[in-house]
Amino acid sequence: MHFLGRSRDMVAVLLPALIRLHLTYLWQHRRVLNLRSPQRFTEWVQHRKLCDRDQRLPGLVDKVAVKTVVAAALGPEWVIPTLWQGPVLPTHPPAPLPLVVKARHGCGHVAFVRTQAEWNAARSQTGHWGGMRYGRWLDEWAYAGVPPGLLIEPYLGQEEKLPVDYKLFVFGGRVAFVQVHLDRATAHRWIVMDRNWARASVPTCDPDPACPASLDLLIAGAERLATDYSFLRIDCYEVAGRPLFGEVTVYPGSGLLPVVPASLDRQMGSLWRQADSDQRRN
């Protein structure tokens, strides 16, 4: 974060964002944000918001455009088909139920549709998504250039049970951790495992999650997608024993959700700092 050498117009834009980042970080984490020399993962996310204007990032968080990137890098078999896309959901489902509706330009805007009643609810819910410029209020720059819109994909779950979500944290092109999301529809929680499938997060009443049969493929695919980036989170599923790409996340939790234990926040921060340093040297 260096304001010297920036134009006055740029400083006028960044200064309010700088103030917001410090205030929201203090509010959520109850500690002062270190942006000059980030040490924690959560601090690096704030640093990216303010300083990283990599022109490739908007294409990665665009849920339509990124599929082309993934198909070219990993093969079309990794890509969940897009059944429909457009600005407003039609009156009737354009594909057989069940299905999933997502916002192209946002994160966390998802509706699972299994019945006509849920389709009607999704039409009402998504009506509010199109006018939202996702990320603006949390200064997540990469989303600003993504065209607003909706897309529909096949439903990958079994009845009301959603597939396990594997979120791979890739630093400097190497997967270090996998965040395993369980029971997302009912009692959502997650456990962090390292790349060797040893638990990195704190012990809980949950046993360690089973290692996915396609872990090696998931790691290899995530590392290929994240080559030449200091950090990306590659979100995937395993369905019928094979890996499927979900999305790319560049601001996990907006850096405002706690990383537990605190030592893991610092460890991830150290990996990001090393990757950033290596990238600058190259």
Side-chain angles (χ1 to χ4, degrees), residues 60-85 89 93-104 106-115 118-119 122 126 150-170 175-197 199 201 206-226 232-250 252:
L60 294 179
V61 300
D62 182 331
K63 290 182 176 60
V64 172
V66 73
K67 294 188 180 189
T68 302
V69 176
V70 174
L74 305 181
E77 67 275 10
W78 277 76
V79 177
I80 300 171
T82 298
L83 303 176
W84 173 94
Q85 68 180 78
L89 291 182
L97 302 181
L99 47 78
V100 179
V101 181
K102 297 181 178 179
R104 171 180 186 170
C107 182
H109 290 168
V110 181
F112 300 102
V113 178
R114 307 172 188 87
T115 65
E118 288 181 337
W119 175 258
T126 58
L150 305 170
L151 67 151
I152 292 176
E153 296 177 344
Y155 180 73
L156 302 178
Q158 296 293 326
E159 296 181 350
E160 295 193 4
K161 185 175 179 60
L162 301 178
V164 176
D165 196 353
Y166 299 100
K167 302 181 183 296
L168 295 92
F169 287 65
V170 194
V175 171
F177 299 100
V178 183
Q179 192 179 56
V180 185
H181 285 243
L182 306 170
D183 295 336
R184 288 179 294 138
T186 53
H188 186 199
R189 60 205 186 278
W190 59 79
I191 297 169
V192 180
M193 310 296 288
D194 67 18
R195 65 179 287 129
N196 298 315
W197 216 251
R199 187 185 286 234
S201 55
D206 287 303
D208 289 353
C211 180
S214 62
L215 179 62
D216 289 345
L217 291 175
L218 289 168
I219 289 175
E223 291 181 342
R224 178 170 294 185
L225 290 174
L232 291 178
R233 197 186 78 190
I234 309 297
D235 301 354
C236 298
Y237 308 100
E238 182 184 75
V239 176
R242 68 185 183 95
L244 286 173
F245 169 81
E247 63 183 86
V248 175
T249 302
V250 300

Do [X] and [Y] make a side-chain contact, defined as non-hydrogen atoms from C-beta onward lying under 4.5 Å apart?
X      : Y      : value
Val113 : Pro93  : no
Pro154 : Leu83  : yes
Gln179 : Val192 : yes
Leu232 : Leu225 : no
Ile234 : Val248 : yes
Glu118 : Phe112 : no
Val101 : Trp119 : yes
Leu150 : Leu89  : yes

Please report the interatomic distance [atom1]([X]) to [atom2]([Y]), rounded to the nearest 0.5 Å.
X      : Y      : atom1 : atom2 : answer
Leu244 : Leu218 : CG    : CG    : 9.5 Å
Lys102 : Leu151 : NZ    : CG    : 6.5 Å
Glu153 : Thr82  : CD    : OG1   : 5.5 Å

Could you list all the salt bridge (charged side-chain N to carboxylate O under 4.0 Å, His left out) pairs where at least one residue sits in residues 209-224, not counting sequence neighbours? Arg195-Glu223
With sequence neighbours left out, which residue pairs that include part of residues 68-85 fulfil the salt bridge (charged side-chain N to carboxylate O under 4.0 Å, His left out) condition? none
Cut-off 3.5 Å, no hydrogens considered: what does the side-chain donor-acceptor table look like for residues 158-166, sequence neighbours left out?
| from | atom 1 | to | atom 2 | distance (Å) |
| --- | --- | --- | --- | --- |
| Asp165 | OD2 | Lys167 | NZ | 2.9 |

My understanding is that only residues two or more places apart in sequence, or in another chain, count here; which of them pass side chain to side chain contact (heavy atoms under 4.5 Å, CB included) with Pro209? Val180, Ile191, Met193, Trp197
Exercise: identify the closest heavy-atom pair between [X] and [Y]:
X      : Y      : value
Trp78  : Gly221 : CH2-CA, 4.0 Å
Cys211 : Leu215 : SG-CD2, 3.5 Å
Ile152 : Pro94  : CD1-CG, 3.6 Å
Cys236 : Leu168 : SG-CD1, 4.2 Å

Residue pairs, two or more places apart or on separate chains, that pass side chain to side chain donor-acceptor pair (under 3.5 Å) and touch residues 184-193: His181-His188, Asp183-Arg189, Arg189-Asp206
Do Lys63 side-chain atoms and Glu247 backbone N/O form a donor-acceptor pair below 3.5 Å? no
With no hydrogens and no angle check, is any side-chain donor or acceptor of Thr249 less than 3.5 Å from a backbone partner on Pro252? no
For Ser214, side chain to side chain donor-acceptor pair (under 3.5 Å) partners two or more places apart: Glu238
